[in-house]
Structures are given as structure tokens and as C-alpha cells.
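Here's the structure we're looking at; comments come further down.
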Amino acid sequence: MEPGLLPVFRVFVGAMWAVLTVSVCAFASTVPRDYFSLFAWLISGGLLIYLLSQPLQRWLGRDYLPGALAIISVGPLVADAAATALHVHLAWISHAAPAEPARLYLWLIPPAMLISLQYGTRTLLAYAFGTSLLPVLLATITTAGEPVISSHAGHGAIRLTLFLVAGFIVVRITQAQRQQRQELAEKNAQLAHYATTLEQLAVTQERNRLAREMHDTLAHT
């Protein structure tokens with residue numbers, strides 16, 4: 001795992017949960033009601049508990065971080081689809097706010113950067129295409145209507161381009177940093193080997209000196 005990645009992830013999720021808490025506090029008195037914020041608040045709260053659970057991290061091991069990234073990637077898309085479905089079915093009484101595909105950028109850009117840092121190009125490609133196509137599929141399943149589907153398709157194309165360009169830059173920078181760390185580790189290993197060799201040489205020289213002194217002393221005696 002990249003150094004500092006998990007603490008940054010926790011801070012981001014905690015900040016999002018705090019912001020959404022403020023929105024949820026005004027949920028009952030807000031018309032139309034923002035169901036997306038409510039669903040996203042529940043998802044981010046569960047994810048925050050997940051990220052702060054040390055026993056869960058030890059139990060899952062390598063699957064711990066991918067699980068968290070999957071939740072934060074798919075969760076907002078499901079929340080948006082559910083909020084859109086409620087808007088469609090409750091629009092006649094104005095109880096649900098209309099869909100806003102642009103709000104997904106705030107949720108999906110940080111995971112894209114974290115995936116680029118940790119996993120590289122292939123995983124980034126899967127994430128970019130998945131988060132671009134899944135909203136369109138969910139909007140189609142929930143029969144959100146042609147305008148909503150077209151909006152998701154347009155924003156999905158923008159996100160795909162943005163994630164690929166920005167993610168590729170992050171991947172290249174991360175690869176360069178990993179190579180530098182590897183080279184530094186190899187140099188440190190070489191220095192440690194040289195230091196050990198010098199220490200052994202010094203010990204050998206000291207033994208030889210003592211042996212000569214003992215030989216000279218015995219010869220003199």
C-alpha cells in the first residue's frame with residue numbers, strides 16, 4: 001500500500017460524512033427533499049466505520065482497501081439511481097429533488113486518484129469505464145427517462161476522459177516514485193553491505209595486529 005494513502009482516504013470519507021450530516025439535518029424541512037444526500041450519508045457513514053475498524057482491516061488483509069474503494073465507487077452511483085427513481089415516482093407531490101449527475105464528480109474523482117496511486121493503469125481503466133457506464137445502466141433500469149439517461153451518458157463521457165487523462169498522469173508519477181524508492185532501497189542495501197564488509201575487514205586487521213604482537217612478544221621472550 002502506498003504510504004499515507006489510507007489516512008488520506010479516511011480523512012476524505014470523514015469530511016464527506018460531516019458535510020452530508022449537515023444536509024441530512026435539514027432533510028425533513030427541505031422541499032423538494034434531497035434523497036441522494038440521505039442515501040450518500042448512510043453509505044459514507046458505513047464506509048467510515050469500515051475504514052476505522054482495525055479488527056476488520058486485520059481480518060480482510062489485502063482485500064481491505066479494494067473493498068473500501070468498491071463501496072465508495074459503487075455506493076454514490078446506487079444512491080443517485082435510487083434518488084432518481086424516487087424523483088420519478090414522487091415527482092407528482094414534489095417530495096424528491098431532480099437528478100443531478102454532476103454531483104457524482106465530487107464522489108468519484110478522489111477514488112479515481114487513489115486507484116491510480118495504488119493499482120495502476122488496468123484498474124484505472126476498469127474504474128473509468130465502469131463508473132461511466134453503470135449510471136447509464138441504472139438510469140435505464142429505473143426508467144428515469146430519456147433526458148436523465150442522456151445527461152448521465154454525457155457526464156459519463158466527460159468523467160471517462162477526465163479519469164483517463166488525470167489518472168494516467170498520476171500513474172506515471174507514482175511509477176517514477178516507486179522506481180526511485182526501489183533504487184534508493186538498493187543503494188541502501190549496497191551501503192549496508194559495504195559497511196558490513198568494512199567492519200569485518202577492520203575486525204580481521206585487528207586480529208592480525210594482535211596476532212603479530214603476541215608473536216613478537218613470544219619471540220622476544
Side-chain angles (χ1 to χ4, degrees), residues 1-21 23-24 34-86 101-142 152 155-156 159-160 162-175 177-178 181:
M1 186 180 298
E2 287 295 313
L5 187 146
L6 193 56
V8 170
F9 195 3
R10 288 168 177 160
V11 169
F12 167 72
V13 175
M16 291 298 297
W17 183 80
V19 171
L20 289 169
T21 300
S23 299
V24 170
D34 186 4
Y35 285 97
F36 173 81
S37 295
L38 177 61
F39 296 146
W41 177 76
L42 294 173
I43 293 170
S44 61
L47 180 57
L48 187 60
I49 295 173
Y50 177 97
L51 289 171
L52 295 177
S53 176
Q54 296 297 330
L56 191 61
Q57 182 178 2
R58 290 192 296 268
W59 181 60
L60 291 176
R62 285 187 171 183
D63 296 330
Y64 177 75
L65 181 60
L69 290 172
I71 294 172
I72 199 173
S73 301
V74 178
L77 303 180
V78 174
D80 181 76
T84 301
L86 281 175
R103 61 191 169 189
L104 293 176
Y105 287 86
L106 181 62
W107 282 89
L108 298 178
I109 290 178
M113 299 300 100
L114 295 176
I115 288 173
S116 302
L117 282 171
Q118 182 64 27
Y119 296 108
T121 306
R122 291 184 179 179
T123 308
L124 174 65
L125 287 172
Y127 176 84
F129 280 98
T131 54
S132 299
L133 297 176
L134 186 57
V136 179
L137 178 61
L138 291 175
T140 304
I141 293 174
T142 57
H152 275 296
H155 283 284
R159 284 197 303 270
L160 178 62
L162 176 63
F163 291 168
L164 291 180
V165 173
F168 180 74
I169 294 173
V170 173
V171 168
R172 294 303 299 268
I173 293 174
T174 304
Q175 289 176 346
Q177 290 178 343
R178 287 176 179 172
R181 288 200 300 266

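What you see is a predicted model, and the numbers here were worked out from it, not measured in a lab. For this chain, numbers begin at 1 and follow the sequence in order.
Distance check: L164 CG to F129 CZ gives 6.0 Å after rounding to the nearest 0.5 Å. Distance CH2/W59 to CD/Q54: 15.5 Å, rounded to 0.5 Å. I169 contributes atom CD1, which lies 9.0 Å from atom CE of M113 (distance to the nearest 0.5 angstrom). T174 contributes atom OG1, which lies 4.5 Å from atom CG of L117 (distance to the nearest 0.5 angstrom). For the atom pair CG (L114) and CG (L69), the distance works out to 6.0 Å, reported to the nearest 0.5 Å. In this structure, CD in Q175 is found 10.5 Å from OG in S116, a value given to the nearest 0.5 Å.
F39 is not listed as a side-chain neighbour of V78, based on a closest heavy-atom distance of 4.5 Å or more. Residues T131 and L104 fail the side-chain proximity criterion, which asks for heavy atoms closer than 4.5 Å. Annotation: side chain of L108 is in contact with side chain of Y127 (closest heavy-atom distance under 4.5 Å).
For the side chain to side chain contact (heavy atoms under 4.5 Å, CB included) test, no residue two or more places apart in sequence or in another chain qualifies with L133. Applying the ring-ring contact (aromatic ring centres under 6.0 Å, His included) rule to Y50 yields the partners Y64; only residues at least two apart in sequence or on another chain are considered. Every residue two or more places apart in sequence or in another chain that forms a side chain to side chain contact (heavy atoms under 4.5 Å, CB included) with S132 is listed here: R159, L160. In this view, R122 satisfies the side chain to side chain contact (heavy atoms under 4.5 Å, CB included) rule with no residue, not counting sequence neighbours. Partners of L106 under the side chain to side chain contact (heavy atoms under 4.5 Å, CB included) rule, at least two apart in sequence or in another chain, are M16.
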Solution key, residues 5-15 side-chain donor-acceptor pairs under 3.5 Å, sequence neighbours excluded:
from : atom 1 : to  : atom 2 : distance (Å)
R10  : NE     : L51 : O      : 2.8
R10  : NH2    : L51 : O      : 3.1
R10  : NH2    : Q57 : OE1    : 3.4

Under 3.5 Å, which donor-acceptor pairs do the side chains of residues 42-49 form with other protein atoms, sequence neighbours left out?
from : atom 1 : to  : atom 2 : distance (Å)
S44  : OG     : A40 : O      : 2.9
S44  : OG     : W41 : O      : 3.1

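The environment of F168 atom CZ is sparse: at most 12 non-hydrogen atoms of other residues, nucleotides or ligands sit within 6.0 angstrom.
A pairwise comparison of heavy atoms in Y119 and T123 identifies CB-OG1, 3.4 Å as the closest pair.
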